[in-house]
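Residue numbers begin at 1 in each chain, while the letters A, B, ... track the order of the sequences.
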Amino acid sequence: MLAPSSTPAPVWRGELLDWYAATARDLPWRRAEFAADHGAWGTLVSEFMLQQTPVARVIPHLEAWLRRWPTPSAMSNATPAEVVHQWSNLGYPRRALWLHRAALEIVERHGGVVPRDVPALLALSGIGEYTARAVAVFHYGDRHPVVDTNTRRVIARAVDGRSQPGPPAKRDLARMAELLPDDVEESTIFNAAMMELGAVVCTARAPRCEVCPLASGCAWLTAGRPDTGDTRRRQARFEGSDRQARGAVLRALRTAEDHRRAADEVVADWPDPVQRDRAIDSLIADGPVAAVGGTLMLPR
DNA sequence: GACACGTGGCG
DNA sequence: TCGCCAAGTGT
């Protein structure tokens with residue numbers, strides 16, 4: 001657990017906590033019954049799905065997933081093909097394979113119980129600085145800084161007076177730690193509230209400063225919302241990309257009978273055959289596709 | 001630290 | 001229409 005900070009509390013902390021208590025969205029993973037029904041596994045699965053995927057798209061998939069595989073042990077008995085298929089169109093199917101591998105690791109190394117320690121969580125497949133602390137904080141209630149894209153944007157604006165955060169950096173964790181309340185239960189709410197504010201008020205494109213609980217204490221708003229530049233890395237174009245080709249190949253296998261197709265029939269009409277072959281090869285290398293002879297399939 | 005990695009909604 | 005954006009991670 002994290003040691004208390006000696007830095008003074010931000011003036012807006014009380015406003016943020018009050019605002020969260022009054023307006024937080026009623027999301028499935030925030031309900032008491034969700035924790036009661038699914039335990040830390042439910043939180044872990046939700047965080048995997050939420051990596052780079054919008055809340056609204058995750059919700060229906062999460063319920064279905066937990067119904068099918070209610071525990072790490074249950075999922076450890078599934079095949080990679082089953083998890084990739086169940087992952088459906090959530091995107092980044094490698095996350096499904098990582099989640100499956102993490103379930104196996106939880107069974108092997110932790111007796112089927114999702115660990116509480118951040119280092120143990122970090123050692124699991126597909127879990128990084130964000131997800132490890134999200135599980136430790138939002139399920140187990142421990143005191144750690146949780147830093148995601150929302151948190152970084154709120155800190156950039158409210159504390160640093162900048163219009164956009166810089167690219168993610170190791171120092172972000174320490175910045176958040178300085179803001180965290182000493183009280184354990186308050187720190188959990190604070191983590192959630194920073195993310196919530198970034199998600200619904202302090203948004204990337206059109207922040208709603210008129211309704212922001214931090215308004216009077218926000219360095220950026222107080223300075224007149226100056227454009228301080230944007231050093232974030234731009235996403236590569238999707239249309240015509242290898243990612244698009246990979247997505248098309250995998251979709252073809254997901255929707256195919258028995259999850260298999262003859263290799264020369266899969267997206268046979270792809271405009272760039274070289275790119276198509278490269279996509280297939282990289283999917284095989286990454287794991288979500290297996291090749292036997294001339295047949296492509298989801299991996300057994 | 002930069003890059004690759006899906007999918008789809010929204011302004 | 002088209003670029004931006006979404007509770008990131010591994011290499």
*Asks:* Tell me whether the OP1 or OP2 atom of B/dA4 has a side-chain N or O from A/R243 closer than 4.0 Å.
*Replies:*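 Answer is no, no contact under 4.0 Å.
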
*Asks:* Which part of the nucleic acid, if any, lies within contact of A/E239, taking any heavy atom under 4.0 Å across all strands shown: a base, the sugar-phosphate backbone alone, or nothing?
*Replies:*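 No contact at all - A/E239 keeps every heavy atom at 4.0 Å or more from the nucleic acid.
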
*Asks:* Report all side-chain donor-acceptor pairs from residues 282-296 of chain A shorter than 3.5 Å, counting only partners two or more places apart or in another chain.
*Replies:*
{"residue": "A/S282", "atom": "OG", "partner": "A/R246", "partner atom": "NH1", "Å": "2.8"}
{"residue": "A/S282", "atom": "OG", "partner": "A/R278", "partner atom": "O", "Å": "3.4"}
{"residue": "A/S282", "atom": "OG", "partner": "A/A279", "partner atom": "O", "Å": "3.0"}
{"residue": "A/D286", "atom": "OD2", "partner": "A/R94", "partner atom": "NH2", "Å": "3.0"}
{"residue": "A/D286", "atom": "OD2", "partner": "A/R246", "partner atom": "NH1", "Å": "3.2"}
{"residue": "A/D286", "atom": "OD2", "partner": "A/R246", "partner atom": "NH2", "Å": "2.9"}

*Asks:* Quick one, which residues of residues 42-70 of chain A touch DNA chain C with a heavy atom under 4.0 Å?
*Replies:*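 Going residue by residue through residues 42-70 of chain A, the ones with a heavy atom under 4.0 Å of DNA chain C turn out to be A/E47, A/L50, A/Q51, A/Q52, A/P54.
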
*Asks:* Answer yes when A/R175 and A/D160 have at least one side-chain N-carboxylate O distance shorter than 4.0 Å, and no when they do not.
*Replies:*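 The answer is yes: the pair qualifies as a salt bridge.
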
*Asks:* Near DNA chain C, which residues from residues 188-213 of chain A have a heavy atom under 4.0 Å away?
*Replies:*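 Contacts with DNA chain C under 4.0 Å: A/M195, A/A204, A/R205.
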
*Asks:* Give me the other members of the hydrophobic cluster that A/V137 sits in, counting Ile, Leu, Val, Met, Phe, Trp and Tyr linked by side-chain heavy atoms under 4.5 Å, directly or via other members.
*Replies:*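 Members alongside A/V137: A/Y130, A/F138, A/V146, A/M195.
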
*Asks:* Classify the nucleic acid contact of A/R237 as base, sugar-phosphate or nothing, counting any heavy atom under 4.0 Å across all strands shown.
*Replies:*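 Counting heavy atoms under 4.0 Å across all strands, the contact made by A/R237 is with sugar-phosphate only.
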
*Asks:* For A/R254, answer base if it contacts any base atom (sugar-phosphate contacts may also be present), sugar-phosphate if it contacts only those atoms, and nothing otherwise; contact means non-hydrogen atoms under 4.0 Å.
*Replies:*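 A/R254: backbone/sugar contact only, no base atoms under 4.0 Å.
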
*Asks:* Between B/dA4 atom C1' and A/D242 atom CG, what is the distance in whole Å?
*Replies:*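 So the CG-C1' distance, A/D242 to B/dA4, works out to 9 Å.
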
*Asks:* Using the test ring pair (Phe, Tyr, Trp, His ring centres under 6.0 Å), find all partners of A/W69 that sit at least two apart in sequence or belong to another chain.
*Replies:*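 Applying ring pair (Phe, Tyr, Trp, His ring centres under 6.0 Å) to A/W69 gives A/W65.
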
*Asks:* Mind checking the P distance from B/dC3 to C/dA7? Whole angstroms is fine.
*Replies:* 23 Å

*Asks:* A/Y92: which residues meet the ring pair (Phe, Tyr, Trp, His ring centres under 6.0 Å) condition with it, sequence neighbours left out?
*Replies:* none

*Asks:* Taking ring-ring contact (aromatic ring centres under 6.0 Å, His included) as the cut-off, I'd like each qualifying pair that reaches into residues 172-209 of chain A, sequence neighbours left out, listed once.
*Replies:* none

*Asks:* Have a look at A/R232 and say if it touches a base, only the backbone sugar-phosphate, or nothing, with a 4.0 Å heavy-atom cut-off.
*Replies:*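 Contact class for A/R232: sugar-phosphate only.
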
*Asks:* Calculate, to the nearest 0.5 Å, the distance between atoms CZ and OG belonging to A/R57 and A/S88 respectively.
*Replies:* 9.5 Å

*Asks:* Counting neighbours of CD on A/E210 that are heavy atoms of other residues, nucleotides or ligands and sit closer than 6.0 Å, is the number greater than 12?
*Replies:*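 Yes.
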
*Asks:* With rounding to whole Å, what would you report as the distance between B/dG6 and C/dT11 at their P atoms?
*Replies:* 14 Å

*Asks:* Could you tell me whether A/R143 and A/D183 have a side-chain N and a carboxylate O separated by less than 4.0 Å?
*Replies:*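 A salt bridge is absent here (no side-chain N lies under 4.0 Å from a carboxylate O).
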
*Asks:* Would you mind classifying the nucleic acid contact of A/S282 as base, sugar-phosphate or nothing, using non-hydrogen atoms under 4.0 angstrom?
*Replies:* nothing

*Asks:* Go nucleotide by nucleotide along DNA chain B from the 5' end; which of A/R233 and A/G247 gets its closest nucleotide reached first?
*Replies:*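 Of the two residues, A/R233 wins.
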
*Asks:* Please report, to 0.1 Å, the donor-acceptor pairs under 3.5 Å made by any side chain of residues 263-272 of chain A, with sequence neighbours excluded.
*Replies:*
{"residue": "A/W270", "atom": "NE1", "partner": "A/Q275", "partner atom": "OE1", "Å": "2.9"}
{"residue": "A/D272", "atom": "OD1", "partner": "A/V274", "partner atom": "N", "Å": "3.0"}
{"residue": "A/D272", "atom": "OD1", "partner": "A/Q275", "partner atom": "N", "Å": "3.1"}

*Asks:* Show me the pairs that pass ring-ring contact (aromatic ring centres under 6.0 Å, His included) and involve residues 206-262 of chain A, at least two apart or across chains.
*Replies:*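 Those involving residues 206-262 of chain A are A/H85-A/H259.
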
*Asks:* Tell me if the CZ atom of A/R25 is crowded by more than 12 foreign heavy atoms within 6.0 Å.
*Replies:*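 Buried by this count: over 12 neighbours within 6.0 Å.
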
*Asks:* For DNA chain B, whose closest nucleotide is more 5', that of A/K170 or that of A/Q235?
*Replies:*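 Residue closer to the 5' terminus by nearest nucleotide: A/K170.
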
*Asks:* Given that A/L122 and A/W29 both sit by DNA chain C, which one's nearest nucleotide is further toward the 5' end?
*Replies:*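 So the residue in question is A/W29.
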
*Asks:* When you measure from every atom of DNA chain B, which of residues 83-106 of chain A have a heavy atom less than 4.0 Å away?
*Replies:* A/N89, A/L90, A/G91, A/Y92, A/P93, A/R94, A/R95

*Asks:* Go through DNA chain C in 5' to 3' direction and return only the first and the last nucleotide with some atom under 4.0 Å of chain A's heavy atoms.
*Replies:* C/dG3 to C/dG10

*Asks:* Over all strands shown, is A/R25 touching base, sugar-phosphate only, or nothing at heavy-atom distances under 4.0 angstrom?
*Replies:* base

*Asks:* Check residues 161-169 of chain A and write down every donor-acceptor pair under 3.5 Å in which the side-chain atom is one partner and the other belongs to a residue at least two apart or another chain.
*Replies:*
{"residue": "A/R162", "atom": "NH1", "partner": "A/Q164", "partner atom": "O", "Å": "3.3"}
{"residue": "A/S163", "atom": "OG", "partner": "A/T228", "partner atom": "N", "Å": "3.0"}
{"residue": "A/S163", "atom": "OG", "partner": "A/T228", "partner atom": "OG1", "Å": "3.1"}
{"residue": "A/Q164", "atom": "NE2", "partner": "A/A204", "partner atom": "O", "Å": "3.0"}

*Asks:* Can a donor-acceptor pair be found, under 3.5 Å and without considering hydrogens, that links the side chain of A/H100 to the backbone of A/A78?
*Replies:* yes

*Asks:* Could you state the CZ-P distance from A/R234 to B/dC3, rounded to the nearest angstrom?
*Replies:*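 After rounding, the reported distance stands at 13 Å.
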
